[in-house]
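All remarks here apply to the structure that follows.
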Amino acid sequence: MSTVLSLAGVRKTYGDLNALDGIDLSLPDDSYVSLLGPSGSGKTTLLRVIAGFETPEAGTVSFKGERVETVPPHLRDIGFVFQNFALFPHLSVEKNIAFGLENRVENPITDASVVKTKVRDIIGLVGLAGLEDRAVTQISGGQKQRVALARTLVTEPSLVLLDEPLGALDANLRTRMLTELRRIRQRCGVTFLHVTGSETEALAMGDTVLVLDQGRIAQAADADTIYNEPKSVAVARFLNCYNLFSGAPSDGRFAGPDGQFPLGAEKRFSSAVPGYAIRYDRVGIRPLDAPVAADEVSLPATFVADEYSGPAVNSFFQLENGRVVEVETHLSVAPAPRCKPHARYALVWKQNDALVYA
Amino acid sequence: MSVSATTSETEVMTEPVRKSSNKSVWLITPGVIWMLLFLVAPMLMMVYVSFWTQTTFKITPDLTTKSWVTFFTSETYLNSLWTTIRIWLIVLAATLIVGYPAALFVGLFVKNKTLQTALLVLCVIPFWTSFLIRVLAWRPMLGKEGAINLILMKLHIIQQPIEVLLFSELSVVIGMTQIYCVFMVGPIAFMMGRVDQSIIEAAQDLGAGFWRIFRTINLPLTMPGVVVGAIFVSVMVLGEFATAAALSGRKVNLLGNIIVTQVGSLKWAFAAVVGVVLTVLMGIVVAGLLRVVDLKKEL
């Protein structure tokens, strides 16, 4: 697969803040890439640099094999779908979508009938038929999202940047739009770079998932790898499904303020920040006096509360030092734990389910 | 059970609605009384007086159309009506030409909000002096031996002073444009500042250049500002008399000047005729401008 966009050593600072601190990435042609990052990690800045609204202080941005750092946004063949949609409030749905075709500097389409055909096709693709003449102030959030997407797609860009495209929609609509977005992207055959702060959205959407941390790409891999083998403590934290313990390995055990875990066949990652991670759903709850196997780790804790979410129950336990540990029990594979409040339990996991960073 | 619950709920619902409509009547009463007493009644009175009989020293409430006939048959007065319309159109165009780019600059290129406010306040500073001083200050500027002529002569751009600068229609237009320009800049800059930056960026991203974006996005989105500004300027220029009196050397007689002289010579009926004509003219202009943009929708 060829590369549509590549960034090397891109830097951008705002005052003392390193918004982008040496970004290296390359996006393959015809794929769905999601970029996960917490707020303040530089997501939007990165998109703005790629789109051309900001100029990087250092590094190179190559688009389709050409350097574009100094090319103004209107001459780049990159589409941008804004978080707040940024529709033209004085134009109808149809006119909004036709805007790029009619007004672009490079080969604008002057034949009204060609514009009409293209707009009609894209309206059909995103599912807006029947709303052509509505004012954009008179349509719902999901419809606005579709107009924003159609307006960008109709100009046939080689890369589409989506800045938290589903952030303004309610949960129900969000799930529906996720499938829609994938379908539309496949039909158009372009690369989507979907920026989001939601780990579930990033994992669900991306053929490739990029994780952004403090202005750097912390990990770039497929969703399965990211979820099961986060490369660093920071990535594991964004995924929001790992219990993370600080400390350091020594003499065959990982020792930290929360306890000592004997080390065995864990997956190990070299990382500047040491840590020990165990996924919520890999932890079992047993009575304190139950036997522990040789390849298992046991941690005594007090039950605090649990949360029922339908397919699973999340239980919260408190360690001696006040630290909270979360356990996720999938009801399809195990019965609900039904722990007694304030009772002591043993939290047990297999050594080879844990991840060790050192 | 559920039925009774619904009825009691509707009762609860209707009560506050009636109360609030009562309240809104009370809220609007002082305004309505004020407008009736000091706007509607005087206007009706003016229409009434315009049909009174005027003799040299006396005015009597015997209805006649004599004053109206005089106005519409006298060349002097029709000329003055025409001059008023002409000056109004020229000043409106001039304030737009000078004001729109200024507003565009303040609203679009000045990103700093504080600096934006400071620049707009700067436009208002001339209003801290009296109207008459502002108008009269143009005399030493435009006069035969005024600043502009002196500078141009010193620079050897002209040999003779340009006499048309002062006591002409041009000086009236210059003076009015300066005074009323800020009323055009304000509303346009306000609308320009309200245009979401991401809309401009979206247009850029879709491939449009600066002028295209200006024509297709900025201009239509600031039209309400232009209309509001045009209404301000029109209403003030149409009723103007002081600038014309001070800067035209009596060569430019606007309808306002005629009212002043007629009232000065106690010709109340005739002044009322001119007043009614002026009010109708303003009404037409404002109604026409409001047709251009649906302000209720935009603001």
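So you know, we letter chains A, B, ... as the sequences are listed, proteins then strands, and number each from 1.
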Taking every non-hydrogen atom, the tightest pair across E201(B) and R48(A) | OE2-NH2, 2.6 Å

For the student: nearest non-hydrogen atoms of L221(B) and H90(A), plus distance | CD2-ND1, 3.5 Å

Verify side chain to side chain contact (heavy atoms under 4.5 Å, CB included) between R212(B) and V105(A), making sure each step is shown before the conclusion.
-> CA-CA 9 Å; R212(B) 214 21 122 88; V105(A) 174; over 6 Å; no

Mind ranking G79(A), A148(A), A51(A) by heavy-atom pairs under 4.5 Å with chain B and telling me who comes out on top?
-> G79(A)

Relative to chain B, which segment of D77(A) carries a heavy atom at a distance below 4.5 Å: side chain, backbone, both, or neither?
-> neither

Looking only at heavy atoms, what is the nearest atom pair of A208(B) and F99(A), with distance?
-> CB-CE2, 4.0 Å

Which atom of A202(B) lies closest to which atom of A86(A), heavy atoms considered | CB-O, 3.9 Å

Other residues, nucleotides, ligands: >12 heavy atoms within 6.0 Å of R176(A) CZ | no

So how far is it from I199(B) CD1 to N84(A) CG, rounded to the nearest 0.5 Å?
-> 8.0 Å

Flag yes if more than 12 heavy atoms outside K111(B) fall under 6.0 Å of its NZ atom; otherwise flag no.
-> yes

Ignoring hydrogens and geometry, is there a side-chain-to-backbone donor-acceptor pair from H74(A) to A203(B) under 3.5 Å?
-> no

Toward chain B, the part of L101(A) with a non-hydrogen atom under 4.5 Å | neither

Given a strict heavy-atom distance threshold of 4.5 Å, which part of F80(A) is in contact with chain B: side chain, backbone, both, or neither?
-> both

For the residue pair T152(A) and L206(B), what are the closest heavy atoms and their distance?
-> CA-CD2, 4.1 Å

Let me see the working for D205(B) and L161(A) under side chain to side chain contact (heavy atoms under 4.5 Å, CB included), right down to the final yes or no.
-> CA-CA 11 Å; D205(B) 187 68; L161(A) 310 172; over 6 Å; no

Should the heavy atoms of other residues, nucleotides or ligands under 6.0 Å from CZ of F53(A) be counted, would the total exceed 12?
-> yes

Would you find more than 12 non-hydrogen atoms of other residues, nucleotides or ligands less than 6.0 Å from I28(B) atom CD1?
-> no

Give a yes or no on this: more than 12 heavy atoms of other residues, nucleotides or ligands lie within 6.0 Å of atom CZ of F241(B).
-> no

Bottom line for E102(A): the part with an atom under 4.5 Å from chain B's heavy atoms is backbone

Roughly how far, to the nearest 0.5 Å, is CZ of F88(A) from CD1 of I200(B)?
-> 8.5 Å

With a 4.5 Å cut-off on heavy-atom pairs, point out which of T137(A), L91(A), I78(A) contacts chain B the most.
-> I78(A)

So with a 6.0 Å cut-off around CZ of R187(A), is the heavy-atom count from everything else above 12?
-> no

